[in-house]
Chemist: 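Below is a structure I'd like to ask you about.
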Amino acid sequence: MDSDLEEYLKEWGELSNECKTLETTNSSYLELLENLETLQDQCMKQIKHQRYRMQQISKNVKLYSKNKRLTPEEKDKLDALNKNMLKRKAQLYEIEQGLPQKNSLYLKIILGNVNVSILNRSDKVRYKDDYEKFKLILNVIGLLMSFLNIFVNFRALELAFIFLLVWYYCTLTIRESILKVNGSRIKGWWRLHHFISTASAGVLLVWPQGEPWQLFRAQFMYFNVYISLVQYMQFYYQKGVLYRLKALGERHDMDITIEGFHSWMWRGLSFLIPFLFAGYLFQAYNAWTLYKLSSHPDATWQIFVLSILFLVLFVGNTATTLLVIPQKIKGRIKERYRLKSLSWALKARKQLKGEKSISDQQGMNDQHNKTD
């Protein structure tokens with residue numbers, strides 16, 4: 001037999017042995033995957049049980065304290081119980097972040113039943129950072145395109161910019177829904193704000209070119225230039241504040257920058273407030289201009305709808321930002337203790353890992369001593 005052929009057959013034999021190893025590894029992987037799903041279901045059931053029992057205990061404690069005059073000793077015991085329950089809630093939340101979560105209705109409509117839960121903590125943070133980069137890059141592109149549209153009145157360029165807005169806000173709502181599933185605490189209004197912005201961009205896209213559009217065009221482009229500049233300032237300001245608070249353990253790793261003003265921003269300078277309210281007033285001015293244009297002889301339905309949408313954005317943004325101050329005062333103590341509870345949960349988790357590694361090391365040492 002030819003020596004080359006013998007060499008090929010030998011290589012095939014080696015590869016066949018490696019394939020057997022692959023089959024064994026794959027079998028072990030599939031078995032672990034089945035066990036993983038079983039353990040995930042058990043954890044979810046136990047978390048649900050813990051929360052149900054805590055709810056019952058909390059209800060009974062409230063009735064007990066309401067219907068009975070408490071002694072100082074009983075008050076101390078109840079305070080300690082409430083603190084322990086807060087710690088337990090933080091622990092359950094932390095455990096839940098490592099388990100798959102159900103998709104929201106919006107994600108089910110867009111993506112179907114695809115599981116978008118990210119189980120690895122570092123991958124979650126990486127995805128959140130990618131979301132922030134996406135916002136920043138698209139904001140800069142939008143700034144350049146809107147600035148160019150001020151000086152160049154070209155229909156194709158206008159449509160390209162408006163289509164970019166539609167795609168950007170659609171993508172943003174999907175990404176934020178995925179972040180929400182993975183533990184990001186995005187406030188309801190800011191998510192709704194992006195849904196409304198998507199609808200506004202869609203209406204702008206189908207607004208036919210005519211005299212009303214030409215009367216509103218320059219104002220709209222100046223508005224986008226201003227909003228893009230404010231969002232650019234916000235991104236770097238909020239990123240710096242979040243970095244400091246996360247380093248101090250006072251914010252969650254999945255917290256994101258937003259397009260408005262939030263309570264945690266009071267830790268730094270509040271110089272953004274005048275710029276934000278100027279942007280909100282610009283939205284109100286857009287709504288007023290569109291309302292006047294709706295009586296134009298060539299007006300279409302898009303003008304009145306956009307007027308309403310800009311008005312809703314103005315009212316929602318202004319009200320949400322103004323509510324930050326009283327919410328900050330009322331929720332300061334509660335938020336601080338909740339974050340401390342989360343910090344306790346993280347420390348307990350690290351301590352548990354440390355004890356496990358120490359016990360594993362001791363086990364290895366004992367085994368080594370027996371062998372000797």
Side-chain angles (χ1 to χ4, degrees), residues 106 109-111 130-178 190-236 256-260 275 278-280 282-291 293-294 296 298-314 317:
Y106 177 64
I109 294 171
I110 300 295
L111 303 176
D130 185 62
Y131 160 84
E132 299 285 7
K133 290 176 185 175
F134 170 78
K135 283 204 305 182
L136 179 62
I137 292 169
L138 267 293
N139 183 66
V140 173
I141 294 172
L143 171 63
L144 295 175
M145 289 189 71
S146 56
F147 190 76
L148 187 60
N149 269 292
I150 292 174
F151 300 100
V152 181
N153 193 342
F154 184 49
R155 184 60 178 169
L157 186 61
E158 292 172 0
L159 291 175
F161 171 63
I162 297 171
F163 180 78
L164 177 71
L165 290 178
V166 175
W167 176 77
Y168 169 69
Y169 283 115
C170 280
T171 307
L172 211 59
T173 55
I174 295 170
R175 288 189 177 223
E176 286 176 347
S177 297
I178 294 173
W190 301 116
R191 291 189 66 206
L192 181 60
H193 175 276
H194 290 150
F195 282 104
I196 297 172
S197 298
T198 304
S200 301
V203 175
L204 278 166
L205 190 63
V206 297
W207 185 354
Q209 190 176 22
E211 188 178 352
W213 164 248
Q214 291 301 324
L215 291 171
F216 180 68
R217 181 185 180 280
Q219 179 178 325
F220 177 69
M221 295 305 170
Y222 279 117
F223 169 74
N224 281 283
V225 168
Y226 179 80
I227 291 298
S228 296
L229 289 171
V230 172
Q231 288 179 358
Y232 188 80
M233 289 190 296
Q234 276 184 287
F235 174 80
Y236 280 102
I256 62 170
T257 61
I258 59 173
E259 293 174 11
F275 294 101
Y280 302 157
F282 210 146
Q283 288 174 334
Y285 180 59
N286 287 341
W288 173 247
T289 302
L290 289 164
Y291 176 73
L293 284 174
S294 64
H296 193 278
D298 297 331
T300 56
W301 63 269
Q302 290 92 345
I303 299 174
F304 185 70
V305 170
L306 281 170
S307 175
I308 294 173
L309 291 174
F310 271 110
L311 181 62
V312 171
L313 288 173
F314 161 70
N317 287 334

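Here the structure is a predicted model, which is why all the values come from computation and not from measurement. One-based numbering along the sequence shown.
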Chemist: Output all residues satisfying ring pair (Phe, Tyr, Trp, His ring centres under 6.0 Å) with Trp167, sequence neighbours left out; order by chain, then residue number.
Modeler: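 For Trp167 the ring pair (Phe, Tyr, Trp, His ring centres under 6.0 Å) partners, ignoring immediate neighbours, are Phe134.
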Chemist: Checking the side chain of Thr198 only, and the main-chain atoms of Val166 only, is there a donor and an acceptor separated by less than 3.5 Å?
Modeler: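 Absent.
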Chemist: Between NE2 of His193 and CD of Glu176, what distance do you get to the nearest 0.5 Å?
Modeler: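 Between atom NE2 of His193 and atom CD of Glu176 there are 10.5 Å.
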Chemist: How would you list, by chain and number, every residue that makes a ring pair (Phe, Tyr, Trp, His ring centres under 6.0 Å) with Phe147, sequence neighbours excluded?
Modeler: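 If we apply the ring pair (Phe, Tyr, Trp, His ring centres under 6.0 Å) test to Phe147, skipping adjacent residues, the hits are Phe151.
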Chemist: Working to the nearest 0.5 angstrom, can you tell me the gap between Ile141 CD1 and Tyr168 OH?
Modeler: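 If we round to the nearest 0.5 Å, Ile141:CD1 and Tyr168:OH are 10.5 Å apart.
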Chemist: So, using ring pair (Phe, Tyr, Trp, His ring centres under 6.0 Å) as the criterion, who are the partners of Phe195 when residues are at least two apart?
Modeler: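 Ring pair (Phe, Tyr, Trp, His ring centres under 6.0 Å) list for Phe195, sorted by chain: Tyr106.
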Chemist: Starting at CG of Leu306, measure out to OG1 of Thr289 and round the result to the nearest 0.5 Å.
Modeler: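 If I round to the nearest 0.5 Å, the distance is 12.0 Å.
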Chemist: Does anything in residues 136-152 form a salt bridge (charged side-chain N to carboxylate O under 4.0 Å, His left out)? List the pairs, not counting sequence neighbours.
Modeler: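 As it turns out, there is no salt bridge (charged side-chain N to carboxylate O under 4.0 Å, His left out) pair with a partner in residues 136-152 once direct neighbours are skipped.
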Chemist: Under 4.5 Å between any side-chain heavy atoms of Gln231 and Leu143, yes or no?
Modeler: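 Gln231 vs Leu143: side chains apart.
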Chemist: Taking Asn317 for the side chain and Leu313 for the main chain, is one N or O donor matched with an acceptor at less than 3.5 Å?
Modeler: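 Yes, Asn317 side chain to Leu313 backbone: donor-acceptor pair under 3.5 Å.
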Chemist: Tell me whether Tyr169 contacts the main-chain N or O of Ile196 through its side chain, where contact means a donor paired with an acceptor under 3.5 Å.
Modeler: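 Pair absent, no side-chain N/O of Tyr169 close to backbone of Ile196.
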Chemist: Roughly how far, to the nearest 0.5 Å, is the CG atom of Leu311 from the CH2 atom of Trp288?
Modeler: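 Atom-to-atom, Trp288:CH2 and Leu311:CG are 11.5 Å apart.
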Chemist: How long is the span from the OH atom in Tyr285 to the CZ atom in Phe310, to the nearest 0.5 Å?
Modeler: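 Between Tyr285 OH and Phe310 CZ, I get 13.0 Å after rounding to 0.5 Å.
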Chemist: With side chains defined as the heavy atoms from C-beta onward, is the minimum distance between Trp213 and Asp298 less than 4.5 Å?
Modeler: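 A side-chain contact is absent here, since even the closest heavy-atom pair is not under 4.5 Å.
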Chemist: For residues Asn139 and Ile227, determine if any side-chain heavy atom of one lies less than 4.5 Å from a side-chain heavy atom of the other.
Modeler: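 With C-beta onward as the side chain, the pair stays apart.
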Chemist: With sequence neighbours left out, what residues match Tyr222 under ring pair (Phe, Tyr, Trp, His ring centres under 6.0 Å)?
Modeler: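 Listed in chain order: nothing, the list is empty.
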Chemist: Rounded to the nearest 0.5 Å, how far apart are CZ of Phe314 and CD of Gln283?
Modeler: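 If I round to the nearest 0.5 Å, the distance is 8.5 Å.
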Chemist: Kindly state each residue pair satisfying salt bridge (charged side-chain N to carboxylate O under 4.0 Å, His left out) with at least one member in residues 214-230, sequence neighbours excluded.
Modeler: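 Sorted pair list: Glu158-Arg217.
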